[in-house]
Each structure stands twice: as C-alpha cells, then as structure tokens.
Amino acid sequence: MFNNRSYCGELGIEDNGKEVTVFGWVDRKRDLGGVVFLEIRDVTGIIQAVFDSSFSKENAEIADSTRSEFVVAVTGKVRERSPETINPNIPTGNIEIFASSIEILNKSLVPPFPIDIRENVNEEVRLKYRYLDLRREDMKEAILKRHKMMQLTREYLSSHRFIEIETPILNKSTPEGARDFLVPSRINKGEFYALPQSPQLFKQILMVSGFDRYFQIVKCFRDEDLRNDRQPEFTQIDMELSFITPKMIMEIIEGLIKKAVKELTGREIDYSFPVMDYDEAISKYGTDAPDTRVSIEIRDCSDIFVNSSFNVFSSSLSTGGVIKGIAVPDSGKLSRKMTDDYSDYVRKFGAKGFPMFKYNDGKLEGGISKFISEDEKLKLIERFDLKEPSVVFFSVDKEQIVNATLAHMRLKIARDLDLIDDNKLNFLWVTNFPLIEYHEEDRRFYAVHHPFTAPVADHIPLLDSLTPENAKKIKAQAYDIVLNGVEIGGGSIRIHDSSLQSKIFNILGISEEEARVKFSFLLDALQYGAPPHGGIALGLDRIMMLLLKRSSIREVMAFPKTQKGQCMMSEAPSPVTEEQLNELSIRIVKK
RNA sequence: GGGGUUUUAGCUCAGUUGGUUAGAGUACCUGCCUGUCACGCAGGGGGCCGCGGGUUCAAGUCCCGUAAACCCCGCCA
C-alpha cells in the first residue's frame, strides 16, 4: 500500500486532477459539521485534505475522529482551490486533496506541547520528547539543512581530491588538551580506551600512508563543561593534506564555506576572508576570535597615565598592570544604571571595576573625569579619536584580565545598545598564533594549538634559547577561522620531522619515554618518509548554529545533551549493574 | 568549583502589601455548525504553586536549604 506515494509538500498545481495518496500526521483539524478539513504533514510539508459528508459521510466521520498527530493515509484527487479559498500562508495553499478515502494507520496521545511553533516551549520538555520536537518546523529545517551541509561538504571535498576515511573511535588516551572520555577494556582489565578529542594522530598517519588528502565528518568527544556552543560530543569536518601551505588550505576552506553559505542561506559572500595577525586580534579586540561586526576597538592607554595623579591608575601601572579602554559612541542611551551594572558585571572576568567617563563636545564629564589632567585629556581624545558624544570605559589590571574584560564588554555593550547587525556574516582568518605559552602556575610550557604544530620555519632556532619571556615570539604555522566572534575551525601545518617533534615534546615537558609510550607510532611513522602536511577541522555544529541564526548548537543537533551532560530522552548516563562492573574489574568509590 | 536567571493547569504565562474557593490564553473532552485555514459558537474537566524545612492566626507570596533547566566565569591543546 505504500507504493505510489505522493509527498504533501511536493504536490502542486501541475498535479491538478491527479489521484494521489499521501501518508502523514494530522497537523490540524477543522470540523465545520458537514465538511472536515485535515492538514496532513510529512517531511516535505503540509497539504489540506477535504472530506465532504455529502460525498462520503463515512470518510467525513473517520476524518472527524482523528486527533492531532494521528498517522493517516489519505487518497483523493488533487484539485485547484477556487480563488477565494486559496491559503497564501502555505506553499500548497492553491490546491487541496478532495479525499475519497482515509485510513487511520496509528493513533497518538495528546502531544505534551503544540507541534506548530507559535510559542516557545521549555527546552527541558522539548528534549524529553525530542521525537515530537523534531517534527516542529524549526528543528526539521535545521536537520534537513545539516544534511545538506554534509552532502555539499562531501561533494566539494571529493571534487578537490579528498578521500573520506574513517578513523577509530576507540583510541588511546593522550596527555594535553581536554579531558578524555574513557572506555574500560574488558579483555585488557584495568586498561582504558579514550574516545577521540579529534582524529589528529590518525589523520597525520594517513598522510604518511600517502592518501594525500583526507577528510571525515566525524564525532569528537571532550569531557569538559558545556556551553551553548559546546557539547560533550560534537561533529567536525576534519581534513588533512600533504604538500600544502596554509594559504592553499585557507583557499580550499573559503571555497567550501562560500558554497555552504550560498546553498544553506541563499546568500553570496562577496569578499575574500580577511586575514588578521593573532597579535593584532589580541591588541584590538582582546581575543583570538574577534567579532568584527562591532567596530569598537581596544586602545592601550598605559603610556598616557604613567604619571597620573589618579592613584588607582598609577599604582596599578607601577605593579605591572596595564590600562586599556574602549570608546562607545553614545548620545544618552547608556544609563547610569547600566554603567553601574557593568562595574559589577566585570567581576566575572576578574576585574575590580569598570571606570568610565563621558565625552561630549570636547569635554570630559562624570565618572573618573575629575581625576584626569588637561594633558591626559588631550591625549585620550586623540587616542580614541573622540568626536561624537561617547562613553569611554577602562580596564585596569593585569593584561590578561584587562583583555578578557574589554573583549567581553565591547560585545555586551554593543548588544545592549543594539549596535550589532544581525545579518552580517563576518568571516575572518586569524594567523600567526604563538606556538607555545608559559603557564606561571604550573611552571611549564603548553602548546597553544597542539604539540604537533609546526613553528614558523625562521623561528625554529629560537627553540634552543627558550625562556618564559621570549616564548611568545615563536610563532606557529597555525590558523583559525572565525565567524561573528565564534571560532568555527582551526588547523596548522604539522611537524613532519621526527627530531623537531622530539624537541617540541621535550619543551612541553613530555619526556622521551612518555612520548614513546603515548605517540611512538607517530614518531616512528615520521621516520618513514612523512610528507610535509597540514590540516584543519571545522566545527559543523557551530557553523550550522551561526548560519541558521540559532541560539545554541543544541538547536542544530538531533539529540543534544543538557548542561549536565544528560540526555533528557534516554536518561543517559545511568548506573550499570554490579555484573557489568565486575566483568570490567571496576569498583565504584562512593564519596 | 563559583556567579546569575527561571520553576504556578498538558503548554505559554499573570498572580499587587502575606488575607475568601489560585487566574488567563491555548491545548484537551462534549455538543452545534458545508469552505475553513490559528475556523467559529456553547458547555465542561483539569493544580503536590519544583522539592524539604522554617516564620506566621494565615505562605504561591517572607526566610533557610535543596533539585533541575538555561546563561556565564573557571575549564575547553
């Protein structure tokens, strides 16, 4: 009976007069007594079916007995609606099915929330009944477009000579980076697999194997706390290429992204993605993932206040702090309450306050203006290029805190003042990341990207005279791609020389023995004719979130987890039986 | 580990200064209705006010604790 099916949303005026059968869910029922209208919904859309009791009383009664979300088969003739009965609100609104039969294939309980998306439903309930939520238009669109994204990615990369190769999910736990999800091994008691944070090592191995260009749309796992753009399992479009430069990789990615934007949103990106130096990003925006939709830039004012009589400023400078600020164009929208709230809000970034003054017509007013000398005033006007009425905010602390504070506040204030153009898609490459950074607390170096990232060739000699101070001068051949202030991908050229790789491990405090235990296969492989290679990984979920303008990546994933990492539908994670634990030689320690 | 917001009918929400029997819209049930399209009209049922303590003559409302969801800091090479 399921042969010769028509899809609701695909019927059109060209089917006029044709006898069709549709299968779907009762989206809505309108019973007018003698005539019953059912809107039938399937994956493609909605069509109206008409049951006329003077034509078939029995069919009309069956139609009337249906309820929301019943599954039905409806057969009838497609017919054009008379002009006054056309519904312009749905794509199939100029036709309807004049039903000759209806069969109820399954009943449904009353759904816990409406399937049409006229009102927002609590996410907790949506996640519990995700199968119903996925019937809703927004989720359906997200899932279908995600499919499209994966399809066009496969097409694009395949046509650029990439080969899709799967890598293991059961992996070896490695030091560095995010916390691993561990999987106990029954056969090897007391030992564990780790789920991959990314297929990093395997894709490099594939380059040594000569596959030349690899890609995979792959799940990655990181056992870290969740955010609206972070889930414990997420999907990467992962790539690795041999005989390649950063520029070549960036061009390939740019092509892919532009194609994706075109096919998913219908929009054309008519600029080539700007490339910004890491140092410039930090100094202008305080972050390595700047949102350039907001033009407000950070300016360092430390030099202006060296001899300041304002104790808060001068004492901070004399203890190694910095003073930076942002100028926000504003003619009165920023209220006293808002600026007061801000000075409290910045505490979350470690800042102690958020001093400000107002600029208007050549004069400084309010806030800390009374502590600013005439000379400092002139320099500030020049530094921030003050012309329009503005409010200037400062952050005074250690550089890291200042950067974090101003990076967040320039966006928060821009949002509060409605200065962000929601329709912009600002792509940006950030390059020339430092290779390593020194952590004061642990007294050791960490890889900024990962331990396999190649330094800029000219900087390799600096590795021999490394100190915590000059570490940041050594740049990596690494690049991130940023969209509207969100990192949507990153990659690097890798080390293909085993002695350089050993040297880097050494610097990172990974002993020769440890390196041998953890990555011997990579070090070995690098000695058997490893080609120069590099790669990149794109965050599929984040790209979908941004292109579809959704508030979180959960809105573009079929079955996401809550912030505590639980699945509201299946109720994972869950306890396991004593037998299961015994088999794995695992004992739970109660705390 | 920490900060914030929220939690009242199936769903979305209101609930004043602590004071009668906790409301609205929608959904649901019943009936009427032959061109609706968020159909309409009439009637009806539906509440552990997240949970546990406390203050009070009296708590949805005040206090303490706790749970969950969400946002954020830390964390995420």
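What you see is a predicted model, and the numbers here were worked out from it, not measured in a lab.
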**Report entry** Those residues that, when tested against A/Phe445, pass ring-ring contact (aromatic ring centres under 6.0 Å, His included) (two or more places apart)
**Finding:** A/Tyr438

Requested in this report: Quick one: list whatever passes side-chain contact (heavy atoms from CB on, under 4.5 Å) with A/Tyr278, sequence neighbours left out.
Outcome: A/Ile282, A/Asp288, A/Val430, A/Phe433, A/Pro434

Query - Closest nucleotide among B/U12, B/C37, B/C76 to the A/Val121 side chain - result: B/U12

Requested in this report: Assess whether one donor atom and one acceptor atom, taken from the side chain of A/Arg230 and the base of B/C75, lie less than 3.5 Å apart.
Outcome: yes

Requested in this report: Would you kindly check whether a donor in the side chain of A/Glu96 faces an acceptor in the base of B/G35, or vice versa, at under 3.5 angstrom?
Outcome: yes

Query raised in the report: Donor-acceptor pair under 3.5 Å: do we get one between A/Asp52's side chain and the base of B/U34?
Result: yes

Requested in this report: Kindly indicate whether the side chain of A/Glu119 and the base of B/U26 share any N or O donor-acceptor pair separated by less than 3.5 Å?
Outcome: no

Requested in this report: Would you state whether a donor and an acceptor, one from the side chain of A/Arg347 and one from the base of B/G4, lie under 3.5 Å apart?
Outcome: no

Query raised in the report: Is the distance from OP1 or OP2 of B/C71 to the nearest side-chain N or O of A/Arg554 less than 4.0 Å?
Result: yes

Requested in this report: Quick one: label A/Val448 by what it contacts on the DNA or RNA (base, sugar-phosphate, nothing), any heavy atom closer than 4.0 Å.
Outcome: sugar-phosphate

Query raised in the report: Taking the six-membered ring for Trp, does A/Phe37 stack with B/U36 (centroid gap under 5.5 Å, planes within less than 30°)?
Result: yes

Query raised in the report: Does one side chain, of A/Asn432 or A/Tyr479, offer a donor that lies under 3.5 Å from an acceptor on the other?
Result: no

